[in-house]
> 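Just dropping this structure here.
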Number of protein chains: 2
Amino acid sequence: MNDPLHQAALQLRQHIDQFVALSDEEWQGLEPHLSIVHLKKNQFIATQGVVAGQVGFVLEGVFRQFYTKDGEERTTYFFFDQQLIAAYMSCITARPSPVNIEALSDATCLVFPYAVLKALFSQYAGWQEFGRLFAEYIMVALEERMAGLLMLSPEERYLALLEGDQRHLLQRVPQHYIATYLGITPVSMSRIRNRIIPK
Amino acid sequence: MNDPLHQAALQLRQHIDQFVALSDEEWQGLEPHLSIVHLKKNQFIATQGVVAGQVGFVLEGVFRQFYTKDGEERTTYFFFDQQLIAAYMSCITARPSPVNIEALSDATCLVFPYAVLKALFSQYAGWQEFGRLFAEYIMVALEERMAGLLMLSPEERYLALLEGDQRHLLQRVPQHYIATYLGITPVSMSRIRNRIIPK
DNA sequence: CCAAAACGATAACAAAAGATAAGAAGGAGT
DNA sequence: ACTCCTTCTTATCTTTTGTTATCGTTTTGG
């Protein structure tokens, strides 16, 4: 019995159960394909221009997903413990990933091939439903993110971050990454902080 | 036989077939619940604060989806012929819609209750798969939209619109709606146009 | 057919953000 | 303990965008 792997697998199953309750048989479709990967700080688990084929589940560590353009980086998401992580657009479309995903700390992930998940979608009703619910979940998150970028000023976005579910993010991630996450420069964010805090 | 309704239903089926090939039986699960709705210009089919329950399919007309905040409007999407249309986030989450959807012209839609679709999801594998693929489709579109807002300057966003799949949009929609779609003011967009066109 | 409203361009000014550079503070690794 | 690198702040200058208002033009509705 591979104990740490099994332990991790249980955590993943628990996470997936928040979307759908899988039968043991359905779960057995995935479990044999799981493995554990250790990553060092600054290591990439997805690279721009490369078709992504792996899905991960963060056991420990912090990650950022970001675009680059003309040497500039814009962070689109942060990933923490107990979260599924993947260049999901690339998996779905089977096209080269537009984004990179980088570990911001030493990290441990459970990983499995997207191809396995895709096969499970067509094989088991439970997995197919998970696929829908998971996509819907991401969709809602993206909609809210887009609405924030479209509706709020940089200052309002920073305030929203301070007061939102993601508050913990500020303690665990360098500020210049957060700045690009908010669609502004680190310098500008520093000014905003200055404008806000005194009040 | 209700001919115009049946004709419209065929169009919808054809559209859905682009995601999955439904069996006749699966299709029959939806068809009886379809009806046709005529809308006048400026009429709303979804309203901020109200839980959305209907899904539509545009047979004719143009729609915009927009947020309001402090009396200001920001357009998040435009809908045209042969597209599914709904305050989908609200349907999925069963929470009050954050957005309005308004007809920009007189319009005709095929409509059905989301509850029917939801029931079909759990009843038929084909519909469940459609649910996943449709959510993934929207997800990819939202990701690209978010990336545009995060990575591109207003001018680049306008250029991207000029050269993108949505080019036709410019002919069919008033410019001040497009401006808020790009996350800028109409005045600013007018300046951008001036800066661009001479070249 | 006419009056009112909507639309788009433009100008002038204010506010905000970007670019760049310099410097302080803290950590990591040797 | 020391150096180097990263992170963050601050200052200056420039550019862009927002705001407000005005003015033709077009569209709409009565």
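In this text, all values refer to a predicted model and were calculated from it rather than measured experimentally. Below, chains carry the letters A, B, ... as their sequence lines are ordered, and counting in each starts from 1.
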> Between B:Ser188 and A:Met189, which residue's closest nucleotide on DNA chain D lies nearer the 5′ terminus?
A:Met189
> Step by step, would you call A:Glu156 with B:Lys69 a salt bridge (Lys or Arg N to Asp or Glu O under 4.0 Å)?
CA-CA 13 Å; A:Glu156 290 170 320; B:Lys69 189 200 153 203; 2.8 Å; yes
> Report which part of the nucleic acid A:Lys41 touches: base, sugar-phosphate, or nothing (heavy-atom distance under 4.0 Å, all strands).
nothing
> The side chain of B:Val187 lies closest to which of these nucleotides: D:dT20, D:dG18, C:dG8?
D:dT20
> When you measure from the centre of the six-membered ring of A:Tyr67, is the NZ or CZ of A:Arg74 closer than 6.0 Å and no more than 45° off the axis?
no
> Check whether NZ of the Lys or CZ of the Arg B:Arg64 lies under 6.0 Å from the centre of the six-membered ring of B:Tyr177 and within 45 degrees of that ring's axis.
yes
> Less than 4.0 angstrom from a charged side-chain N to a carboxylate O is my criterion; do B:Arg167 and B:Glu163 meet it?
no
> With respect to the phosphate group of C:dA17, does any side-chain polar atom (N or O) of A:Arg195 fall under 4.0 Å of OP1 or OP2?
yes
> By the 4.0 Å heavy-atom rule, please label B:Pro186 as base, sugar-phosphate, or nothing.
nothing
> Answer yes or no: is there an ion pair linking A:Arg132 with B:Glu136, defined by an N-O contact shorter than 4.0 Å?
no
> Starting at CD of A:Glu73 and ending at P of D:dT7, how long is that distance when rounded to a whole Å?
10 Å
> Just to confirm, is there a sub-4.0 Å distance from OP1 or OP2 of D:dT10 to any side-chain nitrogen or oxygen of A:Asn194?
yes
> Rounded off to whole Å, could you give me the CD1-to-P distance for the B:Ile192 and D:dT17 pair?
5 Å
> Can you measure A:Leu104 atom CG to C:dA28 atom P for me and round it to whole angstrom units?
15 Å
> Choose from D:dT17, C:dG8, C:dG18 the nucleotide whose nearest atom is closest to any side-chain atom of B:Gln175.
C:dG8
> On the nucleotide C:dG18, are OP1 or OP2 found under 4.0 Å from the side-chain N or O atoms that A:Thr185 carries?
yes
> In whole Å, I'd like the distance from the CD1 atom of B:Ile184 to the P atom of C:dA17.
16 Å
> Ignoring the backbone of B:Arg191, work out which of C:dA12, C:dA17, D:dC8 is nearest its side chain.
C:dA12
> Check every strand shown and say whether A:Ser190 touches a base, only sugar-phosphate, or nothing at a heavy-atom separation below 4.0 Å.
base
> Choosing from D:dT10, D:dT7, C:dA9, which nucleotide comes nearest the side chain of A:His176?
D:dT7
> What is the distance, to the nearest angstrom, from the CG atom on A:Leu149 to the P atom on C:dA17?
14 Å
> For A:Arg74 and C:dA17, give me the distance from atom CZ to atom P, rounded to whole Å.
13 Å
> In whole angstroms, how far is the P atom of C:dG18 from the CG atom of A:Leu182?
11 Å
> How many whole angstroms separate atom NZ of A:Lys69 from atom C1' of C:dG18?
14 Å
